Every structure is written in C-alpha cells, then in structure tokens.
Amino acid sequence: MDNQNIKPTEGEMEILQVLWQKGNATVREVHEALSKKDSGYTTTLKLMQILHEKGMVERDTTQKTHIYKALVSQDKTEKQLVNKMIDNVFNGSAARLVMQALGNHSASAAEIDEIKKYLDSLK
C-alpha cells in the first residue's frame with residue numbers, strides 16, 4: 001500500500017493498534033481488546049471490513065473464523081500521521097509540535113533522557 005493513502009480514522013487507528021500489538025486477531029479478539037470503548041461488536045466488524053477494503057489489513061478466510069492482520073506498518077503510519085499533523089496543525093514546525101506535546105503531557109525521567117539522547121544524535 002502506498003504511504004500517501006494511509007488515512008485511518010480514529011476508530012480504525014484503535015483497531016490497527018490492537019493488530020500491531022497482537023499480530024493476527026479475529027474480530028472478537030479485537031473487540032475484546034477495545035472493550036473499554038462504547039461500541040458494539042458489529043461496529044468493530046464493520047470498521048475491520050472497511051480497513052480491509054482500504055487495503056490496510058488482510059483477511060484470512062480459509063477458516064470459519066476470519067483472521068485479520070495489519071498490512072500497514074506502525075512506524076510508517078505514525079510517521080505519515082505526524083508529518084500530516086506538523087504540516088496541517090503546526091504550520092510545518094516540528095519544534096512547535098514537540099513543545100506542545102511536552103507542555104500538555106508530562107514525560108517520565110526516562111522519556112526525557114531518551115529525548116535528550118535523540119536530540120544529541122541529531123547534532
């Protein structure tokens with residue numbers, strides 16, 4: 001799938017995150033992982049069918065229970081979504097995105113150390 005076409009909705013993104021974590025999963029397994037959400041099983045099924053139609057997941061139909069697997073990588077999806085956010089929300093400024101993220105969410109000491117090491121590696 002072409003990176004430019006990765007445009008998951010919020011609900012689709014939640015499903016992709018479950019599939020990235022589990023690798024392969026049935027609709028029931030995904031639905032149970034999302035059980036905190038207020039959606040029904042049929043909503044999860046429909047979103048997974050839409051993801052399949054978009055070419056973002058594959059579906060193994062060789063068994064009675066269909067098994068789904070993400071076709072788009074987590075890394076590429078995250079990169080595309082962050083780039084889109086930087087362009088559309090922060091007027092192309094990655095620094096503004098980082099400052100906003102760190103200002104709105106507290107980072108652990110380990111995360112701050114990791115960020116510092118990453119910034120040092122860019123010099």
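Just so we're clear, the structure is a prediction, and the values are computed from it rather than from any experiment.
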Rounded to the nearest 0.5 angstrom, the CG-CG distance for Leu97 and Asn83 is 10.0 Å

Q.
Heavy-atom count check: over 12 atoms from other residues, nucleotides or ligands less than 6.0 Å from Glu114 CD?
A. no

Here the gap from His66 atom NE2 to Gln49 atom CD, rounded to the nearest 0.5 Å, amounts to 9.5 Å

Verify the cluster assignment for Leu119 and Ile112: are they in a single hydrophobic cluster under the rule of side-chain heavy atoms below 4.5 Å apart? no

Separation between CD (Glu58) and CD1 (Ile67), nearest 0.5 Å, reads 11.0 Å

Exercise for the section: Test Ile15 against Met48 for side chain to side chain contact (heavy atoms under 4.5 Å, CB included), laying out the working first. Expected result: CA-CA 7 Å; Ile15 290 169; Met48 291 179 76; 3.7 Å; yes

(Q) In the structure I gave you, are the side-chain heavy atoms of Lys54 and Glu12 within less than 4.5 Å of one another anywhere? (A) yes

In Lys76, Met13, Lys7, the residue satisfying side-chain contact (heavy atoms from CB on, under 4.5 Å) with Leu81 is Met13

| query | Under 4.5 Å between any side-chain heavy atoms of Glu14 and Glu10, yes or no? | reply | yes

Item to complete: Answer with yes or no whether the side chains of Asn91 and Ser93 bring together a donor and an acceptor at under 3.5 Å.
Response: no

Residues Tyr41 and His31: closest non-hydrogen pair is N-CE1, 3.3 Å

- Over 12 foreign heavy atoms within 6.0 Å of CD, Gln21: no

To the nearest 0.5 Å, atom CD of Gln100 lies from atom CE of Met85 at 10.5 Å

Distance col, row Arg59:CZ vs Glu53:CD, nearest 0.5 angstrom, shows 8.0 Å

Checking Leu16, Leu45, Leu47, Val18 against Val30 for side-chain contact (heavy atoms from CB on, under 4.5 Å), the one that qualifies is Val18

NZ/NE/NH1/NH2 to OD/OE distance under 4.0 Å, Lys123 and Asp120
yes

One should read off an interatomic distance between Tyr68 OH and Thr26 OG1, to the nearest 0.5 angstrom, of 9.5 Å

Fill in: Test item: Trp20 side-chain N/O and Val72 main-chain N/O as donor-acceptor pair under 3.5 Å
yes

Heavy atoms of Ala107 and Leu102 approach each other most closely as CB-CD2, 4.2 Å

